[in-house]
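The block underneath contains the structure these notes are about, expressed in structure tokens.
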Amino acid sequence: MNASKVTTLPEAIGTHVHDGATVALEGFGHLIPFAAAHEIIRQGRRNLTVCRMTPDLLTDQLLAAECVGKLVASFFASGSAGSLYEIRRRVEQHDPEPLEVEEYSHYGMYCRYEAGAKRLPFYPLLSYVGSDLPELNPRIRAVESPYGEGKVYVVPPLNPDVTVIHAQRADESGNVQMWGITGAQQQAAYAASRVIVTVEEVVAPEVIRADPNRTLIPAHAVDAIVPVPGGAHPSYAQGCYDRDSAFYREWTPISKDKEAVRAWIKEWIHGTVDHADYLDRIGAERWAGLQVADAPSGEVSYGRRKS
Amino acid sequence: MNASKVTTLPEAIGTHVHDGATVALEGFGHLIPFAAAHEIIRQGRRNLTVCRMTPDLLTDQLLAAECVGKLVASFFASGSAGSLYEIRRRVEQHDPEPLEVEEYSHYGMYCRYEAGAKRLPFYPLLSYVGSDLPELNPRIRAVESPYGEGKVYVVPPLNPDVTVIHAQRADESGNVQMWGITGAQQQAAYAASRVIVTVEEVVAPEVIRADPNRTLIPAHAVDAIVPVPGGAHPSYAQGCYDRDSAFYREWTPISKDKEAVRAWIKEWIHGTVDHADYLDRIGAERWAGLQVADAPSGEVSYGRRKS
Amino acid sequence: MTLAADNPAEELSDLPPSSTEFLATVAARELAGRRRIFAGVGLPTLAVDLAKRTTNPNVELVYESGVVGAHPEAMAEGIADSVLVSGAEAMLGMDALFGYVLQGGNVDVGFLGAAQVDRVGNINTSFIGDWHQPTVRLPGSGGACDIIASAHEIFVVLRRHDPGALPEQVDFVTSPSPVRARAQEGFHQPPGAGVTTVITPLGILRRPDRFGELELAAIHPGVTVEQVRDNTGWDLRVREDLVLTPRPRVEDVRLLREEIDTVRLYLR
Amino acid sequence: MTLAADNPAEELSDLPPSSTEFLATVAARELAGRRRIFAGVGLPTLAVDLAKRTTNPNVELVYESGVVGAHPEAMAEGIADSVLVSGAEAMLGMDALFGYVLQGGNVDVGFLGAAQVDRVGNINTSFIGDWHQPTVRLPGSGGACDIIASAHEIFVVLRRHDPGALPEQVDFVTSPSPVRARAQEGFHQPPGAGVTTVITPLGILRRPDRFGELELAAIHPGVTVEQVRDNTGWDLRVREDLVLTPRPRVEDVRLLREEIDTVRLYLR
């Protein structure tokens, strides 16, 4: 077994996330790395280029906390919960200043991670023909097929300095398993120079190795494993706890009011020492309401050669 | 639930595999669809373009049975078991006639399926710079990066008329689950117009739906599900039975002798009515020697919302 | 109401056509007979749930989050809801979902919301006003620009019907019509037919073919053709076979209110 | 043999350098200190197993079949053996293995067999003789042409050392040296350093840098420099710091025979 990569969140963020860095925080509706983002806010990082397919209210929070210099993304709202007003204030009113945005479609953004993970100079897709997006974002370019079918659009690789994700479990050497919606996490991890993974649970290597097809990110791609139970709240971890949909709904009026967002950051992030403290303040009753019933996957056998 | 796609092997091959078709038979060392290939031989298909990353002795058999007009592949030997002499006779001595071969590296061949599944006109990779393979195979071409990093090689899509694979299990509507080495099966399936999947076991939909992340090929990509226990012999099915390595070793002297191969085809394929008959002739004792001990994966929970 | 006497399930509601419930029931009827539907964020999630319970029990629901063949036990509050995952037939990676399922040509209908749709079916979900300092920053493409390229056809549902939502030309083409794609010469043309159906609070617009323009195909109860034309940003053609949209069944409304959107997330 | 008196485990064997066991033990020593090894078909599979048990217990074994971090309970009979899968740390799809692990730059050593290696480290595993009707149809690239592009360096083991196996130029360049890649102007140059080490039955050849040529760095016991030069297809340079290959330990040979290749699949 390799050396343990288990560390604390302050240590992991302090070591790997620097001012001015390009940071991918991925998790498509599911396993959004909120605890890690909050620690970035606590540590007062500045001028980050934040990459996220769906910025979600995590990005609203990072923006309000003045951590972000640029946003690379493909959807500027929060699923069912509607607008992200901190983003809208920055873009519509340049309040407090304009926000630099580099914008793609979901698949285009995904393909940027894919190209990054594969060290390809570009990645082709069938989208964008006739769209204004290539004019808005000149990083979307065209390539002629050498087989005679005309041009297709391509996107360039995205290679974050650090990718931060949350997962259900990992072993201490850093083999990461997740299930449910897995988004762009594997690609964003392989594309990055450094990878921080917060997990619901650190498990024994035997648990991981009993089901190797469940490993999405092998240890060699991971730099830090941080046990942070509940680390995706208010998003969710399939099989562990559900999305705090009320929290998302409550965010809308907060987000609409510039001062309210800042007060929220002050109280809930700077006012808590860590994620355990944050969850304490969320309260046991609210947390209990997010618990889910067991729905077991069933087992398969990998077999062992008889000697 | 959708209508059942469960059928018999003679019916599936008869309906979907026609003379002159481009047929991908995938399975990378694992889950090689031998039973289906044998049925193709039994039905006397001619002039097939066979696509397989690792032709393995399955292709030696299809060649000797005169089913194959062309081979698209990336490795012309049989792993640890050495040369495939039917291929060598065709290529080295044009005996009984030359074999048309379209040759790639493994990743190049994989990328052809990838482009096929994604309906992309080409797919880039970092291989081939300085290799003679692009001169040998002019379908490997170059594209200039629009981001200024020079040219990279690309391969064209591969869209088989039919892809044939073997898997551990599926439900009757065609959701296919497999574990262990999964090779290019998902890509080859999505790239094809028709897909035949032989399986060790047809299971209830509830078994599949208890672990949706284990589904590699959803029902919408599948045309026929055929229960064929032991259908990968002499290759293996992880957790079900092991590789018949002795069979592979025994193949070498058979393969070396042109007449011996033909006698083998006559006895073991034309001389058996179906795969169950073939396995009967393999014998219970030999089959027992391929059995593996249980090695359970463990379970995870997907969770259920409490109402 | 004579039909209702014969079959109480067919009793018809008196919902206003502008209501979310009305739009959802119209959409569910439009989805009848379609096999594989890629449902976008918002009202489409509600409409496909209703369709699966009524007009199209065998429909296969696909979501950009990677869910294929969803069997949710409760209404999904968004396309990444855990209830779409538990019990699904497959959870695919994003590459497989966008690359193989969608771009591979396996989606029959992409069902999207939008802020603006124009005469030839270009969709804007990005900006109202100037791109560089817009009046409204909309959500952007998400998967929409990818879906329109490869889904066989696109349904759009609009919550408003006025010249702002249905302009002659959208402020920004997020997701292009094949009409506009064709104008980009030398490009590999994506296979999708683009927007074929737009459901609005006033009626249903359809594009008769890949390179055609939207025409009025149905008007909702109590709406006049003139009212629709006045509220559309171009000189809207009216089909000769124009029909009146049937009213939603009371049972559909009950399902929406009492079994599907019990938290009234979509039904505002 | 004085060392052996102090430490029986260090007792040295009298294996002939041409034997598979000798080659495997030399290879295992070369693999010491390397973190992540992509092992090819054949003798490399045997050598990495020995390395994991002796020189490099923490080595991470990667196979093109998708296995990452293998912990086999028995010797693998090939790169797709079920024993590599059971208990592995990860089973990745082929795209992740070739695309992210390999092409992404995460492999330290690609360890390959070959039929021919030439002066600058081009590898031939495709054809002996004319491509169109070859004397011998070899296995072809498999993953080799992909591995040489992206693994940090390549080790090759040859079962023969003669001008046929080590020609001035290979009959066919399956897997190109960076020397030959550089000659293809205008191409994005793949990051791999190419072949750095060739282990043969006579000695060890090394390329001192990315664009250099193979030089004799070690000779095996009982082999002379002249013998190596006479059996090499070009005027082979001899390094000033030429060393004598240490004999395999008796314990290594015992491991190979009694614990690893008990079925004598590789040890022929």
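- The contact between D/Thr135 and chain B is made entirely by backbone atoms, counting heavy-atom distances below 4.5 Å.
- The contact between D/Asp95 and chain B is made by backbone and side chain atoms together, counting heavy-atom distances below 4.5 Å.
- Interface check for chain B: of the options D/Gly142, D/Ala149, D/Ser141, the most heavy-atom pairs under 4.5 Å are formed by D/Gly142.
- Summarising the geometry, atom CD1 belonging to D/Ile148 is positioned 14.0 Å from atom CG belonging to B/Leu126; distances are rounded to the nearest 0.5 Å.
- By the 4.5 Å heavy-atom criterion applied to side chains, D/Arg137 and B/Phe76 are counted as neighbours.
- Contacts of B/Tyr236 with chain D are made by side-chain atoms alone, with heavy-atom separations under 4.5 Å and no backbone atom involved.
- Of all the listed residues (B/Gln186, B/Glu144, B/Gln187, B/Glu103), the one sharing the greatest number of non-hydrogen pairs under 4.5 Å with chain D is B/Glu103.
- Within the 4.5 angstrom heavy-atom criterion, atoms from both the backbone and the side chain of B/Leu125 approach chain D.
- The shortest distance between side-chain heavy atoms of B/Glu92 and D/Gln133 does not fall below 4.5 Å.
- Looking at D/Val136, both its backbone and its side chain come within 4.5 Å of chain B, counting heavy atoms on both sides.
- Heavy atoms of B/Met53 lying under 4.5 Å from chain D belong exclusively to its side chain.
- Taking D/Val170, D/Asp81, D/Asn122, D/Val85 one by one and counting their heavy-atom pairs under 4.5 Å with chain B, the maximum is reached by D/Val85.
- Among B/Tyr113, B/Tyr123, B/Tyr110, B/Tyr107, the one residue that satisfies the ring-ring contact (aromatic ring centres under 6.0 Å, His included) test with D/Phe98 is B/Tyr107.
- Only the side chain of D/Gln189 has a heavy atom closer than 4.5 Å to any heavy atom of chain B.
- The shortest side-chain heavy-atom distance between D/Arg180 and B/Asp132 falls under the 4.5 Å cut-off.
- With a 4.5 Å cut-off on side-chain heavy atoms, D/Pro176 and B/Val129 do not count as touching.
- Between D/Ser82 and B/Val292 there is no side-chain heavy-atom pair separated by less than 4.5 Å.
- Contact check for D/Met94 versus B/Gln185: no side-chain heavy atoms found under the 4.5 Å cut-off.
- Residues D/Ser86 and B/Gln238 have side chains that bring a donor and an acceptor to within less than 3.5 angstrom of each other.
- Neither the backbone nor the side chain of D/Tyr63 comes within contact range of chain B, judged by heavy atoms closer than 4.5 Å.
- Applying the 6.0 Å contact sphere to CD of B/Glu135 captures no more than 12 heavy atoms from other residues, nucleotides or ligands.
- Contact tally against chain B (heavy-atom pairs below 4.5 Å) for D/Ala181, D/Gly140, D/Pro139, D/Ala80: the top residue is D/Pro139.
- Heavy atoms closer than 4.5 Å to chain B are found nowhere in D/Leu84, neither backbone nor side chain.
- Ranked by non-hydrogen atom pairs under 4.5 Å with chain B, the options D/Arg182, D/His132, D/Met91, D/Gln103 are led by D/Gln103.
- Summarising the local packing, CD of D/Glu215 is surrounded by more than 12 heavy atoms from other residues, nucleotides or ligands at distances under 6.0 Å.
- When the candidates D/Gly87, D/Gly143, D/Ala88, D/Gly66 are compared by the number of heavy-atom contacts under 4.5 Å with chain B, D/Gly143 comes out ahead.
- In terms of heavy-atom pairs under 4.5 angstrom with chain D, the leader among B/Thr182, B/Val101, B/Val91, B/Leu216 is B/Val91.
- Looking at D/Thr125, there are no atoms closer than 4.5 Å to chain B (heavy atoms on both sides), in backbone or side chain.
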Check your understanding: B/Ser131 and D/Thr174: side chain to side chain contact (heavy atoms under 4.5 Å, CB included), yes or no, with the steps?
Key -> CA-CA 6 Å; B/Ser131 170; D/Thr174 313; 5.5 Å; no
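- A donor-acceptor pair shorter than 3.5 Å cannot be found between the side chains of D/Gln184 and B/Tyr128.
- Contact count versus chain D (heavy atoms, under 4.5 Å) is highest, among B/Ser127, B/Gly29, B/Gly183, for B/Ser127.
- Judged purely by atom type and a 3.5 angstrom limit, B/Glu149 has no side-chain atom pairing as donor or acceptor with the backbone of D/His188.
- From D/Leu92, atom CG reaches atom CD1 of B/Ile181 across 11.5 Å, with rounding to the nearest 0.5 Å.
- With a 4.5 Å cut-off on side-chain heavy atoms, B/Tyr104 and D/Asp146 do not count as touching.
- B/Leu136 is listed as a side-chain neighbour of D/Phe127, based on a closest heavy-atom distance under 4.5 Å.
- Salt bridge absent: D/Glu185 and B/Lys151 never bring a charged side-chain N and a carboxylate O closer than 4.0 Å.
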Exercise for review: Please step through side chain to side chain contact (heavy atoms under 4.5 Å, CB included) for the pair B/Phe28 and D/Glu64, ending with a clear verdict.
Suggested key: CA-CA 9 Å; B/Phe28 195 84; D/Glu64 61 190 13; 3.9 Å; yes
